[in-house]
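Beneath this line is the structure, given in structure tokens, with notes to follow.
Values below: every heavy atom of this structure, side chains too, minus hydrogens, waters and symmetry copies. Throughout, a chain's letter reflects where its sequence line sits, starting with A, and its residues are numbered from 1.
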There are 2 protein chains.
Amino acid sequence: MVTTVFGAEAGERRIDPYSAGCPTRRILDRIGDRWTVLIVGALGADTARFSELKRRVEGISQKMLTQTLRGMERDGLVLRTVHPEVPVRVEYTLTDAGLSLRAPLKALEDWSIEHLGSVLDHQASYDVRAAPEAR
Amino acid sequence: MVTTVFGAEAGERRIDPYSAGCPTRRILDRIGDRWTVLIVGALGADTARFSELKRRVEGISQKMLTQTLRGMERDGLVLRTVHPEVPVRVEYTLTDAGLSLRAPLKALEDWSIEHLGSVLDHQASYDVRAAPEAR
DNA sequence: CCGGATCCCACGTGATACTG
DNA sequence: CAGTATCACGTGGGATCCGG
């Protein structure tokens with residue numbers, strides 16, 4: 001059974017993030033790690049080498065890049081090709097599944113851009129209201 | 001300046017997750033914590049009390065529910081109403097901004113449902129390939 | 001050049017107990 | 001009922017060194 005979280009109105013519906021069958025849980029596992037999302041964006045329709053990817057996703061450590069790429073390869077989001085040359089060359093490309101992830105991710109980015117100002121405003125006024133006694 | 005990550009083809013574009021102005025970073029901050037997404041789904045178009053919410057989002061601790069709700073309130077995603085009655089009653093409702101988040105989140109859920117099988121298949125075959133020497 | 005292996009710290013999170 | 005406060009813990013993730 002597949003649990004739908006956003007499909008309908010709320011009501012008495014239960015959400016179990018610990019249910020293995022719940023796809024929402026799977027989204028979070030992939031999206032929640034920060035780097036997967038950025039790598040999908042950095043790769044786009046391109047093919048890129050490890051070091052190029054590391055340069056594009058600024059701030060990522062080698063460990064996290066490797067680790068995240070492995071996870072994505074395991075999930076079939078990314079294709080890893082090793083060219084057995086003198087200095088080894090490894091290239092990464094989004095699979096069809098990976099490419100299809102870009103659309104929903106873009107929807108999220110659009111939302112973020114659209115609401116960024118409003119969110120910042122709320123934060124500012126909230127902080128003022130909530131911290132008058134902050135010595 | 002606003003950095004667009006998913007808008008166009010990759011190329012030499014830089015992604016800086018540490019740039020305060022990058023909206024992608026803001027999405028991740030909100031989405032990446034697991035609970036915000038689930039609370040948006042659990043609330044939907046409803047109004048719910050604290051304890052009701054805690055029941056709906058199975059597995060969340062009181063601390064995390066409070067903490068996440070505070071963050072969402074701060075960002076203007078949720079409206080918190082305190083009714084000063086005998087046993088205090090506090091109600092939560094998604095704001096317009098919060099409600100509008102449901103669409104992109106649903107897109108993500110749809111993607112997840114659509115690709116769940118494929119992902120599981122890849123994982124299975126990957127695990128077989130990668131761990132033959134697992135004593 | 002690509003990444004495996006290790007060490008280690010920080011912080012997110014849960015459990016528990018207390019208050020208005 | 002709806003939190004706040006405290007403590008204890010696991011692990012995500014950075015730094016570094018090593019290997020193919």
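- In this entry the distance linking NZ of B:Lys54 with C1' of C:dA15 reads 11 Å, nearest Å.
- B:Thr93 meets the side chain to side chain contact (heavy atoms under 4.5 Å, CB included) test with B:Thr47; sequence neighbours excluded.
- Regarding contacts with the backbone of C:dG3, every side-chain N or O of A:Thr66 stays at 4.0 angstrom or more from both OP1 and OP2.
- The phosphate of C:dT13 has neither OP1 nor OP2 within less than 4.0 Å of any side-chain N or O from B:Arg34.
- Listed by first then second residue, pairs satisfying salt bridge (Lys or Arg N to Asp or Glu O under 4.0 Å) with a partner in residues 111-123 of chain B number zero, not counting sequence neighbours.
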Inset, instruction - Would you give a per-nucleotide map of nucleotides 5-12 of chain C, 5' to 3', where B means the base has a protein non-hydrogen atom under 4.0 Å away, S means only the sugar-phosphate does, and - means neither? - result: -BB-----

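- The side chain of A:Arg80 contributes an N or O atom lying less than 4.0 Å from OP1 or OP2 of C:dG3.
- The CD1 atom of A:Ile39 sits 12 Å away from the P atom of D:dG13 (whole-angstrom rounding).
- Rounded to a whole Å, the CG atom of A:Leu53 is 12 Å from the C1' atom of C:dC2.
- Residues meeting the salt bridge (Lys or Arg N to Asp or Glu O under 4.0 Å) test with B:Arg89, sequence neighbours left out: B:Glu85, B:Glu91.
- Within residues 87-94 of chain A, the residues having any heavy atom under 4.0 Å from DNA chain C are, by residue number, A:Pro87, A:Val88, A:Val90, A:Tyr92.
- To the nearest angstrom, C1' of C:dG4 lies 14 Å from CG of A:Leu65.
- Partners of B:Val86 according to the side chain to side chain contact (heavy atoms under 4.5 Å, CB included) rule, which considers only residues two or more places apart in sequence or in another chain, do not exist here.
- Look at A:Arg55 and A:Glu52 and you find a salt bridge, because one of the NZ, NE, NH1 or NH2 atoms lies within 4.0 Å of a carboxylate O, short of that distance.
- Residue B:Arg49 has no polar side-chain atom (N or O) positioned under 4.0 Å from OP1 or OP2 of D:dC1.
- Rounded to whole Å, the distance from CG on B:Leu69 to P on D:dC1 is 16 Å.
- Annotation: side chain of A:Leu79 is not in contact with side chain of A:Glu73 (no heavy-atom distance under 4.5 Å).
- Going from atom CD of A:Glu73 over to atom C1' of C:dC2 covers 13 Å, rounded to whole Å.
- The nearest whole Å value for the distance from the NE2 atom in A:His83 to the P atom in C:dC2 is 11 Å.
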Distance-only donor-acceptor pairs under 3.5 Å for side chains of residues 64-72 of chain B, two or more places apart:
from, atom 1, to, atom 2, distance (Å)
B:Thr66, OG1, B:Gln62, O, 3.0
B:Thr68, OG1, B:Met64, O, 2.6

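- In this structure, the side chains of A:Ile60 and A:Leu38 stay at 4.5 Å or more apart for every pair of heavy atoms.
- Residue pairs meeting the ring-ring contact (aromatic ring centres under 6.0 Å, His included) criterion with at least one member in residues 67-113 of chain B, sequence neighbours excluded: B:Trp111-B:His115.
- The distance from the CG atom of A:Leu94 to the CG atom of A:Asp46 is 9.0 Å, given to the nearest 0.5 Å.
- Over its full length, the helix from C:dC1-D:dG20 to C:dG20-D:dC1 turns its helical axis through 40°, comparing axes from the five pairs at each end and rounding to 10°.
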Inset, instruction - Give the C-alpha distance, both sets of side-chain angles, the deciding distance and a yes or no for side chain to side chain contact (heavy atoms under 4.5 Å, CB included) between B:Val88 and B:Val90. - result: CA-CA 7 Å; B:Val88 190; B:Val90 183; 4.1 Å; yes

